[in-house]
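For reference, the structure is listed below as structure tokens.
In what follows, every chain begins at residue 1, and chains take the letters A, B, ... in the order their sequences are listed.
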Amino acid sequence: NAGVTQTPKFRVLKTGQSMTLLCAQDMNHEYMYWYRQDPGMGLRLIHYSVGEGTTAKGEVPDGYNVSRLKKQNFLLGLESAAPSQTSVYFCASSAPGQGAYEQYFGPGTRLTVT
Amino acid sequence: AQSVTQLDSQVPVFEEAPVELRCNYSSSVSVYLFWYVQYPNQGLQLLLKYLSGSTLVESINGFEAEFNKSQTSFHLRKPSVHISDTAEYFCAVKGREAGTALIFGKGTTLSVSS
């Protein structure tokens with residue numbers, strides 16, 4: 001099992017550009033999450049999904065959109081990147097029910113917006 | 001709603017010394033508690049968890065944490081640290097109801113030197 005993978009690992013964008021971050025998991029997990037990690041801020045939840053075709057807002061959703069067209073994939077989109085979105089982005093997944101408490105994380109995507 | 005406070009942002013220690021990373025939480029409902037570890041340039045990995053039962057939980061690499069309900073704390077301890085324990089440690093809390101999010105503290109950087 002590859003677990004949770006993220007593409008790309010690094011990206012530099014100019015202000016106003018758009019991009020999509022891809023998260024894939026091969027553990028058949030129902031739940032998937034997108035976080036951003038900033039120095040001294042811990043991890044903050046951007047959006048999450050409790051199943052294929054469903055998404056919900058987290059703590060810091062503004063400026064991001066997500067889609068969950070397939071159970072194994074969760075996409076995070078930035079329509080018009082801003083320097084404030086410079087961050088490390090982590091995807092995670094978890095199983096429902098008793099297993100929902102344990103989240104499995106991808107290796108992260110380091111995004112710089114200039 | 002839940003919140004997590006990690007009381008120390010950085011903890012420098014010498015190899016083979018004991019260490020305690022402090023975590024306090026607040027919640028109006030019963031919670032699950034977790035410690036995650038992030039090694040440099042990697043994603044987060046679950047270190048240990050408290051779900052129910054014994055208030056003292058242990059990890060495979062010598063860390064332990066004790067759930068103290070009266071003090072709303074979940075401090076992480078290790079009696080003798082190694083250089084390889086150098087990492088960032090995140091305390092996290094999750095409400096027991098389905099659909100509640102995992103809330104992370106801001107992290108504590110443990111630096112072990114020889």
So with a 6.0 Å cut-off around [atom1] of [X], is the heavy-atom count from everything else above 12?
| X | atom1 | answer |
| --- | --- | --- |
| B/Phe14 | CZ | no |
| B/Glu15 | CD | yes |
| A/Gln17 | CD | yes |
| A/Lys71 | NZ | yes |

Contacting moiety of [X], where chain B heavy atoms sit under 4.5 Å:
| X | result |
| --- | --- |
| A/Leu45 | side chain |
| A/Gln6 | neither |
| A/Arg44 | neither |

Evaluation steps, side-chain contact (heavy atoms from CB on, under 4.5 Å), between A/Gln103 and B/Lys94: CA-CA 11 Å; A/Gln103 295 185 13; B/Lys94 183 184 181 304; 5.8 Å; no
Residue B/Gln38 versus chain A: region with a heavy atom under 4.5 Å: side chain
Contacting region of B/Glu88 [heavy-atom separation from chain A under 4.5 Å]: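 Only the side chain of B/Glu88 comes within 4.5 Å of chain A.
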Same cluster or not: are [X] and [Y] linked, directly or through other Ile, Leu, Val, Met, Phe, Trp or Tyr residues, by side-chain heavy atoms under 4.5 angstrom apart?
| X | Y | value |
| --- | --- | --- |
| B/Phe34 | B/Phe63 | no |
| B/Leu33 | B/Leu47 | yes |
| B/Phe67 | B/Phe90 | no |
| A/Val88 | A/Leu22 | no |

Approximate separation, where rounding is to 0.5 Å, of A/Tyr35 OH and B/Leu44 CG: 9.0 Å
Inter-residue atom distance B/Leu46.CG - A/Tyr104.OH, 0.5 Å rounding: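 One finds 8.0 Å between CG of B/Leu46 and OH of A/Tyr104.
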Residues 70-79 of chain B: residues contacting chain A (heavy atom under 4.5 Å, by number): none
Min side-chain heavy-atom separation B/Phe104-A/Met41 under 4.5 Å: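 The answer is no; the side chains never approach within 4.5 Å.
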Chi angles and distances behind the side-chain contact (heavy atoms from CB on, under 4.5 Å) call for A/Glu59, B/Ile103: CA-CA 10 Å; A/Glu59 180 185 356; B/Ile103 306 299; 5.7 Å; no
